[in-house]
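Just follow the structure's listing: the first ligand is 1, and inside any ligand the first atom is 1. Everything quoted here is computed from the prediction, not taken from an experiment.
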Amino acid sequence: MENCIFCSIISEKIPAQIVYTDEQVVAFKDIHPAAPVHILVIPRRHIESVNVVQAQDETLLGHMVNVAGIIARQQGLEHKGYRLVINTGPDSGQTVFHIHLHILGGRKMPFRFDEE
Ligand code: 5GP
Ligand code: ZN
């Protein structure tokens, strides 16, 4: 998709520190890391957000979670743990409208969702 920063990373028009790639997804380091490990897993196919995910995308979304687990284990996070986040829409703070799964780890996560 034109003017999509993550599509530009997939097509190598702009550089990224890629840590994993296969025929369905690409994973790369976040440019502004919010944790010692901060990696984004994105599908090669442009999907705007969870809001437009359809039944036909279930295998792809499941693959993204599987890849996140593979990367987290490669990063040595399996025992201490990590957080997977998919921001969706304005209240979440989503800034890039190409669906992406954040892998956040290497430090304690500061809040739980049931706290202010
Ligand atoms: P969102 O807030 O949409 O869930 O997350 C978007 C993430 O993409 C942010 O954490 C931001 O730092 C990251 N990001 C935005 N532009 C780029 C870029 O050009 N390269 C990389 N590696 N990360 C980016
Ligand atoms: Zn895109």
*Between Ile9 and Phe28, does a side-chain contact (heavy atoms from CB on, under 4.5 Å) hold up when you go through it step by step?*
CA-CA 9 Å; Ile9 287 173; Phe28 52 90; 3.8 Å; yes
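- Below 3.5 Å of separation, one finds an N or O of Ile31 facing an N or O of ligand 1.
- Between the Zn ion (ligand 2) and the N, O or S atoms of His46, the shortest distance is to ND1.
- Of the protein's non-hydrogen atoms, the one nearest atom 15 (C) of ligand 1 is Val96 CG2, 4.0 Å.
- Per-residue contacts place Ile5 under 4.0 angstrom from the following atoms of ligand 1 (heavy atoms of the residue considered): 19 (O).
- Residue Gln94 has no nitrogen or oxygen atom sitting less than 3.5 Å from a nitrogen or oxygen atom of ligand 1, judged on distance alone.
- Interatomic distance, Ile39 CD1 to Tyr20 OH, rounded to the nearest 0.5 Å: 12.5 Å.
- Looking at Asp30 and His32, their side chains come closer than 4.5 Å, going by heavy atoms from C-beta outward.
- Taking the N/O/S atoms of His98 in turn, the shortest distance to the Zn ion (ligand 2) belongs to ND1.
- Two residues are said to be in side-chain contact when any heavy atoms from C-beta on lie closer than 4.5 Å; Glu48 and Ile99 fail this criterion.
- Within the structure, ligand 1 has Gly93 among the residues with a heavy atom less than 4.0 angstrom away.
- Of all protein heavy atoms, the one lying nearest to atom 10 (O) of ligand 1 is Asp30 OD2, 2.5 Å.
- Looking only at side-chain heavy atoms (C-beta outward), Gln24 and Val67 stay at 4.5 Å or farther from each other.
- For ligand 1, the atoms lying closer than 4.0 Å to a non-hydrogen atom of Phe28 are 21 (C), 22 (N).
- By the 4.0 Å heavy-atom criterion, Phe6 is counted among the residues contacting ligand 1.
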*Show your working on side-chain contact (heavy atoms from CB on, under 4.5 Å) between Ile71 and Leu77 and close with a plain yes or no.*
CA-CA 9 Å; Ile71 293 168; Leu77 296 175; over 6 Å; no
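- Nearest approach of His98 to Arg45, heavy atoms of both residues: NE2-O, 3.8 Å.
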_Stepwise side-chain contact (heavy atoms from CB on, under 4.5 Å) check, Gln75 with Ile103_ = CA-CA 10 Å; Gln75 297 284 331; Ile103 306 169; over 6 Å; no
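- The protein atom (non-hydrogen) at minimum distance from atom 22 (N) of ligand 1 is Lys29 O, 2.9 Å.
- Near Ile9, with a cut-off below 4.0 Å to any heavy atom, the atoms of ligand 1 are 20 (N).
- Residue-ligand proximity, His32 to ligand 1, at heavy-atom distances under 4.0 Å covers atoms 12 (O).
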_With side-chain contact (heavy atoms from CB on, under 4.5 Å) as the criterion, how do Val25 and Leu101 come out once you've worked through the C-alpha distance, each side chain's angles and the decisive distance to 0.1 Å?_
CA-CA 11 Å; Val25 302; Leu101 183 59; over 6 Å; no
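- Heavy-atom distances between His100 and ligand 1 reach below 4.0 Å in at least one pair.
- What sits closest to atom 3 (O) of ligand 1 on the protein, heavy atoms only, is Thr95 N, 2.7 Å.
- In summary, the atoms of ligand 1 found under 4.0 Å from a heavy atom of Asn87, numbered by their order in the structure, are 1 (P), 2 (O), 4 (O).
- Taking every heavy atom of both residues into account, Ile42 and His100 meet most closely at CG2-CB, 3.5 Å.
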